[in-house]
Number of protein chains: 2
Amino acid sequence: MRAYVRVLKQNRLKITPRRKAVIGIFMKCGLNLSPYDVYAKLKKKLPKLGLPTVYRILAELKDSGILVQSLSDDRLLRYALCTLPHQHHHHFTCRKCNRMEEVDFCTFKAVSRFIENRLNAKVETHQLQIGGLCSKCK
Amino acid sequence: MRAYVRVLKQNRLKITPRRKAVIGIFMKCGLNLSPYDVYAKLKKKLPKLGLPTVYRILAELKDSGILVQSLSDDRLLRYALCTLPHQHHHHFTCRKCNRMEEVDFCTFKAVSRFIENRLNAKVETHQLQIGGLCSKCK
DNA sequence: TCGCAAATAGAAATGATTTCTATTTATACC
DNA sequence: GGTATAAATAGAAATCATTTCTATTTGCGA
């Protein structure tokens with residue numbers, strides 16, 4: 001949490017109970033969560049919390065690099081803690097428990113070369129979504 | 001178009017002017033399109049066309065394997081023609097003109113082995129989104 | 001050609017996300 | 001520690017993509 005507070009300060013964001021609570025939920029869960037998931041988990045402790053506040057905080061934390069946004073089949077907003085913020089990596093998501101784990105191994109260079117040759121295109125970005133069952137759910 | 005009509009019949013879908021028009025738009029464009037994109041392109045020729053009809057037809061064509069659904073950063077529904085329906089492949093999307101091209105080359109096996117060893121997880125699915133500039137937009 | 005199930009239009013509902021405004025709060029400065 | 005101020009928040013309301021519903025129309029098998 002100490003490190004995240006530092007990042008908030010670097011980004012000129014005030015250290016509010018809401019922001020710390022949102023980060024805390026992600027630290028505790030290790031899952032990728034929708035805004036409503038976060039809202040529901042915090043509602044007991046913070047009964048006056050509003051859903052728009054959750055949306056805004058999640059966007060700020062993403063802009064600060066604390067969270068990453070993940071694309072999912074349901075096309076809802078989803079976020080997860082990012083512990084490798086400055087390193088290229090991908091994410092594995094468990095389809096059962098929604099746990100998200102980082103994968104710092106990538107073979108995309110060969111694909112990129114293939115595309116640039118075959119299609120005569122310029123490859124700039126790639127995102128890989130990996131799904132399956134985590135060690136606990138297997 | 002002949003081939004697509006056959007697929008519609010195989011799936012017990014009637015050959016209606018709307019369905020043929022939707023397929024025609026994708027054949028002409030080679031882009032990935034949102035339901036509203038399709039609606040806007042057809043509205044001149046078919047002034048009585050309704051947006052819910054477009055949504056339904058797109059879902060049917062996807063279920064028949066004629067279209068693929070693609071995840072995009074804006075989290076809107078997007079579809080594109082799929083010309084390799086029974087073969088594992090990925091898609092390259094141009095960020096400028098939105099053209100979508102198929103890439104039948106994949107190096108995911110190594111990543112999958114890495115994850116199964118490192119995380120002790122079972123990998124079931126993967127989706128790769130590749131962005132950049134196509135040959136025309138470069 | 002005819003009858004019927006499938007397809008469609010148009011209106012309305014749904015539900016995630018964003019915007020707006022008045023109030024509260026963290027913090028820089030004394 | 002107190003205070004001023006800009007940032008943060010709650011709650012209501014708006015927005016907008018998508019889906020549902022119902023009455024009408026249409027493709028196509030018999």
Side-chain angles (χ1 to χ4, degrees), chain A residues 1 4-25 32-64 66-67 69-79 98, chain B residues 1 4-25 32-64 66-67 69-79 98:
Chain A
M1 178 62 83
Y4 295 125
V5 168
R6 188 174 338 113
V7 176
L8 289 180
K9 283 183 181 165
Q10 284 166 0
N11 286 272
R12 290 170 180 67
L13 295 171
K14 293 181 177 172
I15 315 304
T16 68
R18 315 258 117 140
R19 286 184 179 137
K20 289 206 285 188
V22 169
I23 294 171
I25 285 293
N32 75 49
L33 300 171
S34 69
Y36 190 86
D37 290 339
V38 174
Y39 174 77
K41 282 175 188 295
L42 289 176
K43 198 61 183 174
K44 303 154 201 164
K45 291 272 174 101
L46 301 167
K48 293 180 64 187
L49 177 68
L51 197 44
T53 300
V54 174
Y55 274 86
R56 193 177 25 71
I57 290 177
L58 291 172
E60 292 160 350
L61 296 181
K62 175 195 158 196
D63 291 341
S64 306
I66 293 173
L67 298 180
Q69 195 178 329
S70 65
L71 295 176
S72 63
D73 292 337
D74 58 15
R75 286 175 298 114
L76 303 187
L77 277 174
R78 286 190 173 278
Y79 297 90
N98 229 18
Chain B
M1 177 61 83
Y4 296 124
V5 168
R6 189 175 337 114
V7 176
L8 289 180
K9 282 182 180 167
Q10 283 166 1
N11 286 273
R12 289 170 181 64
L13 295 172
K14 293 182 178 174
I15 316 305
T16 68
R18 315 260 115 137
R19 286 187 179 135
K20 288 206 285 189
V22 169
I23 294 172
I25 286 292
N32 75 50
L33 300 171
S34 70
Y36 191 85
D37 291 339
V38 173
Y39 174 77
K41 282 176 188 292
L42 289 176
K43 198 63 182 173
K44 304 155 200 161
K45 291 271 175 100
L46 301 167
K48 293 180 63 185
L49 177 68
L51 196 46
T53 299
V54 174
Y55 273 86
R56 192 176 26 71
I57 290 177
L58 292 172
E60 291 160 349
L61 296 180
K62 176 196 159 199
D63 291 342
S64 305
I66 293 174
L67 299 180
Q69 195 179 328
S70 64
L71 294 176
S72 62
D73 292 337
D74 57 15
R75 286 175 297 114
L76 303 187
L77 277 173
R78 288 191 173 276
Y79 297 90
N98 227 16

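By convention in this document, chain letters (A, B, ...) are assigned in the order of the sequence lines, proteins followed by strands, and residues within each chain are numbered from 1.
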Sidechain-backbone polar pair: Asp74(A) side chain, Leu76(A) backbone, donor-acceptor under 3.5 Å: yes
Test item: Asn32(B) side-chain N/O and Tyr79(B) main-chain N/O as donor-acceptor pair under 3.5 Å: no
dA7(D) phosphate, OP1 or OP2, under 4.0 Å from Arg12(A) side-chain N/O: no
Minimum heavy-atom distance Leu71(B)-Ser72(A), with the two atoms named: CD2-O, 3.7 Å
Under 4.0 angstrom between Tyr55(B) side-chain N/O and dT19(D) OP1 or OP2: no
Leu58(B) CG - dA17(D) P separation (whole Å): 15 Å
Arg56(B) side-chain N/O to dA7(C) phosphate OP1/OP2 under 4.0 Å: no
Distance in angstrom units between Leu8(A) CG and dA8(D) C1', rounded: 13 Å
Shortest non-hydrogen contact between Val7(A) and Ser64(A), atoms and distance: CG1-O, 3.6 Å
Contacts of Tyr55(A) that satisfy side-chain contact (heavy atoms from CB on, under 4.5 Å) - sequence neighbours left out: Pro35(A), Leu51(A), Leu77(A)
Rounded distance [0.5 Å steps], CD1 in Ile66(B) versus CD1 in Ile57(B): 11.0 Å
Pairs touching residues 35-44 of chain A that satisfy side-chain hydrogen bond (donor to acceptor under 3.5 Å, both in side chains), sequence neighbours left out: Ser34(A)-Asp37(A), Tyr39(A)-Lys43(A)
Where protein sits on nucleotides 22-30 of chain D, one letter per nucleotide: B base, S sugar-phosphate only, - none, heavy atoms under 4.0 Å: -----BS--
Residue-level proximity of residues 70-79 of chain A to DNA chain C when a heavy atom falls under 4.0 Å: Leu76(A), Leu77(A)
Contacts of type side-chain contact (heavy atoms from CB on, under 4.5 Å), residue Arg6(B), not counting sequence neighbours: Ala3(B), Gln10(B)
Minimum heavy-atom distance between Lys62(A) and Gln69(A), given as atom pair plus value: NZ-OE1, 2.8 Å
Inter-residue atom distance Tyr4(A).OH - Ile15(A).CD1, 0.5 Å rounding: 14.0 Å
Contact summary for Met1(A) and Lys20(A), nearest pair of heavy atoms: CE-O, 3.4 Å
Contact residues, residues 34-54 of chain B to DNA chain C [heavy atom, < 4.0 Å]: Lys48(B), Leu49(B), Gly50(B), Pro52(B), Thr53(B)
